[in-house]
Amino acid sequence: MSYWLFKTEPDVFGIADLKKRPNQTEHWDGVRNYQARNFLRDEIKQGDKVFIYHSSCDNVGIAGVAEVVREGYVDPSQFDPESKYYDPKSSMDTPRWYMVDVKFIRQFKRVLSLKEIKANPALAEMPLVQKGNRLSVMPVKAAEWQVLLQMAGD
DNA sequence: GCCAACGTTGGC
DNA sequence: GCCAACGTTGGC
C-alpha cells in the first residue's frame, strides 16, 4: 500500500464536501497535469491512503484522510464541452486524463497547517514544501505519513 | 490582489 | 528543438 497527498481548494470541493457525498465517495476529477496524471493512471491503487490538503484558502494544510476505492480510469469531464475541465485536444481513443475515486475516512479536528509541516525537518523532502512545486497529486513516504499523522494528533 | 514560479503552447 | 509568451498555481 502507498500513501499520497491530493490538493484541493475547499471553496470548490473540500474534505467536508467529501464527507457529505453519497457513500462519502467522490471522483477525483479535473487533474490536468501530466506528472499527476501518471500517478493517477499508473501508480495509485485501491486501498492506498490519501491526505486531503486544502490550498488557496485561509487555512492551508492537511485537513484529513481518505482512501482510494477505485483505481485510475478515464476522467469523462475531458470530453464534456460544458465542463471547465474540457480538453478539446483529448480523444476517446487516446484519452489524456484519468481520475480515481476516494472515500472519506476522517477529518482532523484541526487542519495541520503548512507552516507546521514546513517547520518539521523530517518533512523537508516532501514536494509539498519545496519551492515552486505545483504538483496536485504527490506521493508521501511511509515515514512522512506517520510523522504527519502524529502531528495531526488524532 | 500580488507576484514568483511553473507547465504548456506555438512560431520559427 | 528552441524559447518567448502566455495562463495557471498557490502562498502570502
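The model shown is predicted, which means the values in this text are computed figures rather than measured ones. Lettering of chains follows the sequences in order, A, B, ..., and the numbering in each one begins at 1.
Phosphate proximity of C/dT9 to A/K7: absent, as no side-chain N or O sits under 4.0 Å from OP1 or OP2. For A/Y53, a side-chain nitrogen or oxygen approaches OP1 or OP2 of C/dG11 to under 4.0 Å.
For A/Y34, whose side chain is taken as the heavy atoms from C-beta onward, the closest listed nucleotide among B/dT8, C/dG11, B/dC6 is B/dT8. Out of C/dG11, C/dG10, B/dA5, the shortest distance to the side chain of A/K131 is found at B/dA5. With distances taken from any side-chain atom of A/N33 to the nucleotides C/dC12, B/dT9, B/dG7, the minimum falls on B/dG7.
Considering A/F51, A/W28, A/F13 in turn, A/W28 is the only one that fulfils the ring-ring contact (aromatic ring centres under 6.0 Å, His included) rule with A/F6. Tested against A/D87, the residues A/Q78, A/R96, A/R32 include a single side-chain hydrogen bond (donor to acceptor under 3.5 Å, both in side chains) partner, A/R96.
In this structure, A/W97 atom CH2 and B/dG7 atom P are separated by 13 Å, rounded to whole Å. Between the C1' atom of C/dG10 and the CZ atom of A/R32 lies a distance of 19 Å, rounded to the nearest Å. If you take CG of A/L135 and P of C/dG10, they are 9 Å apart, rounded to a whole angstrom. The NZ atom of A/K89 sits 13 Å away from the C1' atom of C/dG7 (whole-angstrom rounding). Spacing between atom CD of A/Q35 and atom P of C/dT9 amounts to 16 Å, rounded to whole angstrom units. What separates CG of A/L128 from C1' of C/dT9 is a distance of 13 Å, to the nearest Å. If you measure from atom CG of A/D11 to atom P of C/dT9, you get 14 Å, rounded to the nearest angstrom. Between the P atom of C/dG10 and the CG atom of A/N59 lies a distance of 17 Å, rounded to the nearest Å.
Along DNA chain B, the nucleotide nearest to A/R96 and the one nearest to A/G132 differ in position, and the one closer to the 5' end is contacted by A/G132.
If you check every strand for non-hydrogen atoms under 4.0 Å, A/K118 touches sugar and phosphate atoms only. Residue contacts shown for A/S55 are limited to sugar-phosphate atoms, with no base heavy atom under 4.0 Å away.
Between the side chains of A/S77 and A/D75, at least one donor-acceptor pair of N or O atoms lies under 3.5 Å. In summary, the side chains of A/D101 and A/Y73 do present a donor paired with an acceptor at a separation below 3.5 Å, with no hydrogens or angles considered.
Of all heavy-atom pairs between A/V31 and A/A36, the closest is CG1-CB, 3.5 Å.
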